[in-house]
Novice: 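Can you keep this structure in mind? I'll have questions shortly.
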There are 2 protein chains.
Amino acid sequence: MSLPHAILIALLEKPSSGLELTRRFDKSIGYFWSATHQQIYRELGKLEAEGFIRTLPSQQPARGQKKSYEVLPAGRAELARWTAASQDPRPHRDPLLLRMRAAAVVGTEGIEADLRRHLALHQRQLAEYEEIEERDFPPDKDSSQDRLRHLVLRAGLDLETFWIQWLTRALDEFAELPGHETA
Amino acid sequence: MSLPHAILIALLEKPSSGLELTRRFDKSIGYFWSATHQQIYRELGKLEAEGFIRTLPSQQPARGQKKSYEVLPAGRAELARWTAASQDPRPHRDPLLLRMRAAAVVGTEGIEADLRRHLALHQRQLAEYEEIEERDFPPDKDSSQDRLRHLVLRAGLDLETFWIQWLTRALDEFAELPGHETA
DNA sequence: CGACTCATGTAAGCTGTTACATGATTTA
DNA sequence: TAAATCATGTAACAGCTTACATGAGTCG
């Protein structure tokens with residue numbers, strides 16, 4: 001039950017059309033929630049039907065025509081309710097950790113290359129977040145709102161850093177495994 | 001496409017019945033993959049139909065009767081194939097980070113108590129992992145298999161540590177926010 | 001007008017969650 | 001023998017992914 005609320009947040013920060021939302025989810029919003037355009041259009045329809053958002057006035061709705069949405073008071077209220085409500089942490093599911101555990105049973109053949117690939121991807125992602133941090137959160141200038149947003153970005157930064165460290169350590173361990181070829 | 005492989009790993013490590021698997025997923029397997037008993041039974045049926053596992057001989061299949069499974073060679077081969085195959089990292093989705101971002105827009109009213117609750121949960125989880133580490137991975141005794149399993153556990157430990165640090169920092173920030181009551 | 005891009009959607013399938021059902025075994 | 005627990009399931013639904021469809025505008 002989080003996607004509709006992610007969309008409400010995005011629309012409160014800036015009214016947008018479906019495609020614009022998709023692009024924002026691919027970029028900045030992506031470090032705490034991801035969604036495809038199909039999910040977004042479906043959810044925009046539901047949110048409108050529930051009276052949480054509406055299309056901006058002075059826009060004729062037609063297929064293939066851009067349609068921008070804004071949040072209505074009921075939508076803001078729903079978001080506030082959801083934000084304050086207690087929620088249990090969800091269980092984690094990480095295929096890479098699973099594969100590492102599998103490697104302990106069926107052998108490490110083939111997995112090392114993919115670890116290196118993941119390491120590179122996380123390094124690139126970290127660099128991107130660092131750019132965002134430099135651009136959007138210059139030192140000692142955070143407002144209250146910015147401080148919270150900065151905190152969220154920092155979670156993204158720290159998680160990428162964790163993965164880089166863990167993958168580096170994993171590759172080190174591999175190098176020390178018996179039968180390892182340093183190709 | 002990871003649940004069937006998680007089950008294959010668990011069954012290779014030790015042949016088990018559905019309920020035993022469920023318990024193992026709740027405990028040690030849970031720090032890299034979680035599953036409910038409904039998912040597990042459904043998946044065991046599929047894996048058997050595909051010829052990847054079979055019920056242990058000398059067991060009459062009947063409703064309400066315990067039924068243990070073991071992995072067949074085809075299942076082990078499938079697991080090796082999957083482990084070596086390249087996979088993209090999945091997008092993250094974290095409702096707590098989402099709520100923090102929402103708090104920047106609709107206010108922090110009510111969220112602080114839940115942050116404290118999450119902090120306590122992560123601290124308990126970390127303590128559990130530390131117990132497992134002490135029990136299963138005594139210093140300087142790791143075999144090759146153990147080193148990989150230890151590595152996976154360490155990811156769990158480090159992720160819990162990350163969350164504890166992040167939540168602590170978040171609560172500190174809250175304390176400094178204007179209008180904050182130190183109740 | 002043909003190809004391309006922008007923009008919005010539909011449909012099918014898979015995974016995971018929640019609630020419920022049912023038989024077998026133990027124990028009070 | 002009634003209740004609790006062990007053990008295996010069924011059913012309905014919600015959420016996400018993948019592939020495809022369609023119209024509108026733009027550029028050569």
Side-chain angles (χ1 to χ4, degrees), chain A residues 1-8 10-11 15-27 29-30 32-50 53-56 59-69 82 87-95 98, chain B residues 1-8 10-11 15-27 29-30 32-50 53-56 59-69 82 87-95 98:
Chain A
M1 287 294 293
S2 294
L3 175 59
H5 302 95
I7 291 176
L8 287 174
L11 288 180
S16 308
S17 68
L19 195 63
E20 282 162 358
L21 280 176
T22 303
R23 297 214 176 95
R24 291 173 62 196
F25 272 85
D26 281 344
K27 290 191 308 176
I29 299 179
F32 52 91
W33 205 267
S34 78
T36 61
H37 81 272
Q38 294 89 337
Q39 284 180 279
I40 289 167
Y41 284 116
R42 191 200 310 160
E43 209 60 44
L44 283 171
K46 284 192 202 170
L47 286 168
E48 190 175 25
E50 288 168 319
I53 62 174
R54 68 167 177 193
T55 56
L56 285 180
Q59 295 213 339
Q60 71 291 14
R63 191 182 180 106
Q65 285 290 26
K66 190 164 142 177
K67 207 163 57 170
S68 287
Y69 294 89
W82 176 83
Q87 285 180 39
D88 284 330
R90 3 173 97 191
H92 4 98
R93 292 196 176 92
D94 196 297
L98 202 56
Chain B
M1 286 292 294
S2 296
L3 176 58
H5 302 96
I7 291 176
L8 287 174
L11 288 180
S16 308
S17 68
L19 196 62
E20 283 161 358
L21 281 175
T22 303
R23 296 212 177 97
R24 292 174 61 199
F25 272 85
D26 281 345
K27 289 192 309 176
I29 299 180
F32 52 90
W33 205 268
S34 78
T36 62
H37 82 271
Q38 292 90 337
Q39 283 179 280
I40 288 168
Y41 284 115
R42 192 203 299 166
E43 210 59 44
L44 282 172
K46 283 191 203 170
L47 286 168
E48 191 176 24
E50 289 168 317
I53 62 174
R54 68 167 176 192
T55 56
L56 284 180
Q59 294 212 341
Q60 71 291 14
R63 192 182 179 105
Q65 287 290 27
K66 190 165 143 175
K67 208 164 55 171
S68 287
Y69 294 89
W82 176 81
Q87 287 180 39
D88 284 331
R90 2 173 99 190
H92 2 98
R93 293 196 175 92
D94 196 298
L98 202 57

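Worth knowing before you read on, the calculation uses all heavy atoms, side chains too, and leaves out hydrogens, waters and symmetry mates. Proteins come first, then strands; the chains are lettered A, B, ... in the order of their sequence lines, and each starts at number 1. Model, not experiment: these values are computed from the prediction.
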Novice: Compare side-chain N and O positions of Lys46(B) against OP1 and OP2 of dC14(C) and report whether any pair is under 4.0 Å apart.
Specialist: no

Novice: How long is the gap from CD on Glu43(B) to CD on Glu50(B), to the nearest 0.5 Å?
Specialist: 8.0 Å

Novice: For Trp33(A), enumerate each residue passing the ring pair (Phe, Tyr, Trp, His ring centres under 6.0 Å) test, keeping only those at least two apart in sequence or located in another chain.
Specialist: none

Novice: Starting at the 5' end of DNA chain D, which residue's closest nucleotide do you reach first, Leu3(A) or Leu19(B)?
Specialist: Leu19(B)

Novice: Report the residues that fulfil side chain to side chain donor-acceptor pair (under 3.5 Å) with Gln38(A), sequence neighbours left out, ordered by chain and then residue number.
Specialist: Thr36(A)

Novice: For Lys67(B) and dA24(C), what is the distance between atoms NZ and P respectively, to the nearest whole Å?
Specialist: 13 Å

Novice: Does Arg93(B) or Gly18(B) map to a spot on DNA chain D nearer the 5' end, using the closest nucleotide for each?
Specialist: Gly18(B)

Novice: In whole angstroms, how far is the C1' atom of dT18(C) from the CG atom of Asp88(A)?
Specialist: 14 Å

Novice: What does Arg90(A) touch in the nucleic acid at a heavy-atom separation under 4.0 angstrom: a base, only the sugar-phosphate, or nothing?
Specialist: nothing

Novice: Where along residues 34-41 of chain A does a heavy atom come under 4.0 Å from DNA chain C, residue by residue in number order?
Specialist: His37(A), Gln38(A), Tyr41(A)

Novice: Please pick, from dA7(D), dG16(C), dC16(D), the nucleotide with the shortest atom-to-atom distance to any side-chain atom of Trp33(B).
Specialist: dG16(C)

Novice: Output the distance between atom CD1 (Ile40(A)) and atom CG (Leu47(A)), rounded to the nearest 0.5 Å.
Specialist: 11.0 Å

Novice: Between Arg42(A) and dC16(D), is there a side-chain N or O to OP1/OP2 distance below 4.0 Å?
Specialist: no

Novice: Would you mind reading off the distance between Leu21(A) atom CG and dA7(C) atom P, rounded to a whole angstrom?
Specialist: 12 Å

Novice: Between the axis at one end of the helix from dC1(C)-dG28(D) to dA28(C)-dT1(D) and the axis at the other (five pairs apiece), what's the angle to 10 degrees?
Specialist: 0°

Novice: Please enumerate all residues that pass side chain to side chain donor-acceptor pair (under 3.5 Å) together with Arg42(B), with sequence neighbours excluded.
Specialist: none

Novice: Only counting residues at least two apart or in another chain, list the ones meeting side-chain contact (heavy atoms from CB on, under 4.5 Å) with Glu48(A).
Specialist: Ile53(A), Thr55(A), Tyr69(A)

Novice: Check this one for me: any side-chain N or O of Lys66(A) less than 4.0 Å away from OP1 or OP2 of dG25(D)?
Specialist: no

Novice: It should be established whether Ser2(B) places a side-chain nitrogen or oxygen under 4.0 Å from OP1 or OP2 of nucleotide dT15(C).
Specialist: no

Novice: Considering residues at least two apart in sequence or located in another chain, which fulfil the salt bridge (charged side-chain N to carboxylate O under 4.0 Å, His left out) criterion with Arg90(A)?
Specialist: none

Novice: Once you round it to whole Å, what is the distance between P of dT10(C) and CG of Leu44(A)?
Specialist: 12 Å

Novice: Calculate, to the nearest 0.5 Å, the distance between atoms CG and CD belonging to Leu3(B) and Gln39(B) respectively.
Specialist: 5.5 Å

Novice: Without decimals, in angstroms, what is the distance between Glu43(B) CD and dT17(C) C1'?
Specialist: 15 Å

Novice: Specify the separation, in whole Å, of atom CD of Glu20(B) and atom C1' of dT5(D).
Specialist: 15 Å

Novice: Report the C-alpha distance between Arg93(A) and Ser34(B) in whole Å, list the side-chain angles of each, state the deciding distance to 0.1 Å, and finish with yes or no for side chain to side chain contact (heavy atoms under 4.5 Å, CB included).
Specialist: CA-CA 6 Å; Arg93(A) 292 196 176 92; Ser34(B) 78; 3.1 Å; yes

Novice: Pairs under 3.5 angstrom only: tabulate donor-acceptor contacts from the side chains of residues 18-26 of chain B to other protein residues two or more places apart or in another chain.
Specialist:
unit_1: Glu20(B); atom_1: OE1; unit_2: Ser17(B); atom_2: N; d: 2.9
unit_1: Glu20(B); atom_1: OE2; unit_2: Lys66(B); atom_2: NZ; d: 2.8
unit_1: Thr22(B); atom_1: OG1; unit_2: Gly18(B); atom_2: O; d: 2.9
unit_1: Arg24(B); atom_1: NH1; unit_2: Ala10(B); atom_2: O; d: 2.9
unit_1: Arg24(B); atom_1: NH1; unit_2: Lys14(B); atom_2: O; d: 3.1
unit_1: Arg24(B); atom_1: NH1; unit_2: Ser16(B); atom_2: OG; d: 3.1
unit_1: Arg24(B); atom_1: NH2; unit_2: Ala10(B); atom_2: O; d: 3.0

Novice: What's the CG-P distance between Leu47(B) and dG9(D), to the nearest Å?
Specialist: 13 Å

